[in-house]
Amino acid sequence: ISAFSAGLFGSLGAGASIENVTFENVYVNVASDDTNSGGHIAAVAGYADNTLFENITVKGDVKVESTFESNASSRVAVVLGGNLGKTVKMKNVHVKAEAGSYLKANNNVGSLAGQLLGTAVIEDCSSNIDVTAYKFFAGGIVGNTADKSTIHTLVMRQ
């Protein structure tokens with residue numbers, strides 16, 4: 001990975017899985033300057049390839065923010081910052097944020113994933129957090145995606 005990764009799990013290797021867990025009242029704030037080329041940042045996992053996320057809930061007061069002084073590319077989310085071309089599967093993953101919660105970053109910002117490259121499958125997932133991109137690519141679920149992605153049974157607000 002050419003950029004740094006930050007999260008409860010900074011970087012997950014091939015075949016990893018995070019299952020059956022609830023995160024409550026999470027706070028992530030990562031600031032960077034021109035010395036970093038960008039980052040994979042999330043409350044749960046910064047970077048992951050060939051990974052399964054299943055039966056995960058992030059709830060309560062949720063605040064995730066990353067600012068970069070340069071135009072470096074960030075990949076920022078509540079669950080997964082991003083991947084670089086391998087498979088990521090999310091099933092039954094939910095962000096249930098209280099009023100006042102937020103997700104903010106320069107670019108590639110999404111509640112479940114900031115950026116997904118390669119094959120991504122998202123099933124039975126939801127989010128209600130406010131998402132802000134200061135520069136470009138923001139999404140309620142995924143900020144930026146490419147290649148083969150499939151989304152099934154998606155709920156944005158609960």
Side-chain angles (χ1 to χ4, degrees), residues 1-19 21-54 56-90 93-95 97 100-122 125 127-149 151:
I1 304 169
S2 61
F4 68 91
S5 300
L8 179 62
F9 301 96
S11 182
L12 295 171
S17 65
I18 300 175
E19 302 175 64
V21 65
T22 298
F23 299 88
E24 190 167 357
N25 300 327
V26 300
Y27 177 76
V28 176
N29 187 325
V30 177
S32 177
D33 59 24
D34 287 336
T35 62
N36 292 310
S37 63
H40 294 84
I41 300 157
V44 178
Y47 172 85
D49 270 334
N50 292 328
T51 303
L52 170 67
F53 296 84
E54 187 169 10
I56 296 172
T57 300
V58 181
K59 67 180 185 176
D61 185 23
V62 179
K63 293 180 176 147
V64 178
E65 184 169 15
S66 176
T67 55
F68 289 85
E69 295 302 320
S70 69
N71 287 322
S73 180
S74 62
R75 296 147 205 92
V76 182
V78 174
V79 179
L80 171 64
N83 73 341
L84 293 175
K86 306 287 173 130
T87 300
V88 169
K89 183 173 184 180
M90 293 186 179
V93 176
H94 304 280
V95 176
S101 295
Y102 57 79
L103 169 62
K104 301 176 184 179
N106 282 357
N107 48 56
N108 300 312
V109 187
S111 64
L112 299 186
Q115 181 180 55
L116 292 175
L117 304 176
T119 302
V121 177
I122 299 174
C125 297
S127 178
N128 69 340
I129 197 164
D130 290 331
V131 177
T132 300
Y134 297 119
K135 295 187 180 183
F136 54 86
F137 300 138
I141 296 297
V142 178
N144 183 10
T145 185
D147 298 326
K148 300 175 183 178
S149 296
I151 298 175

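In this structure the side chain of V26 reaches within 4.5 angstrom of the side chain of V62, judged on heavy atoms. Two residues are said to be in side-chain contact when any heavy atoms from C-beta on lie closer than 4.5 Å; L112 and F53 fail this criterion. Contact of the I18 side chain with the L12 side chain is registered, since non-hydrogen atoms from C-beta on lie closer than 4.5 Å.
Nearest heavy-atom pair, G110 versus A77, reported as atom, atom and distance to 0.1 Å: O-CB, 2.8 Å. Residues V76 and S66 come closest through the heavy atom pair CG2-CB, 3.8 Å. Minimum interatomic distance between A138 and A133 (heavy atoms only, all atoms of both residues): CB-CB, 3.5 Å.
Under the side chain to side chain donor-acceptor pair (under 3.5 Å) criterion, Y134 pairs with E65, sequence neighbours left out. With sequence neighbours excluded, the residues satisfying side chain to side chain donor-acceptor pair (under 3.5 Å) with N29 are Y27. Among residues two or more places apart in sequence or in another chain, the side chain to side chain donor-acceptor pair (under 3.5 Å) test is passed with S17 by E19. Take N144 and apply the side chain to side chain donor-acceptor pair (under 3.5 Å) test, not counting sequence neighbours, and it matches N108. Under the side chain to side chain contact (heavy atoms under 4.5 Å, CB included) criterion, T145 pairs with L116, V142, S149, sequence neighbours left out.
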Any chance you could lay out the side chain to side chain contact (heavy atoms under 4.5 Å, CB included) test for L8 and V44, step after step, and finish with the verdict?
-> CA-CA 5 Å; L8 179 62; V44 178; 5.7 Å; no
Side chain to side chain contact (heavy atoms under 4.5 Å, CB included) evaluation trace for L84 with H40 | CA-CA 10 Å; L84 293 175; H40 294 84; 4.2 Å; yes
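Of the possible donor and acceptor atoms, none in the side chain of D49 sits under 3.5 Å from a partner among the backbone N and O of A14. Side chain of T51 to main chain of V88: no donor-acceptor pair is present (N/O by atom type, distance under 3.5 Å, no hydrogens or angles). Although no hydrogens or angles enter the test, the distance criterion places no donor-acceptor pair under 3.5 Å between the side chain of T132 and the main chain of K104. Side-chain atoms of N128 come within 3.5 Å of backbone N or O of A97 as a donor-acceptor pair.
Applying the salt bridge (charged side-chain N to carboxylate O under 4.0 Å, His left out) test to every pair with at least one member in residues 76-89, sequence neighbours left out, gives these pairs: K89-E123.
From Y47, atom OH reaches atom CD1 of I41 across 15.0 Å, with rounding to the nearest 0.5 Å. Here CG of D130 is found 8.5 Å from OG of S101. Values are rounded to the nearest 0.5 Å. The line from CG of N83 to CZ of R75 is 10.0 Å long, rounded to the nearest 0.5 Å. The NE2 atom of H94 lies 11.5 Å from the OG atom of S111; values are rounded to the nearest 0.5 Å. Put simply, CZ on F4 and OG on S74 are 9.0 Å apart, with the number rounded to the nearest 0.5 Å. Summarising the geometry, atom CD belonging to E24 is positioned 10.5 Å from atom OG1 belonging to T57; distances are rounded to the nearest 0.5 Å.
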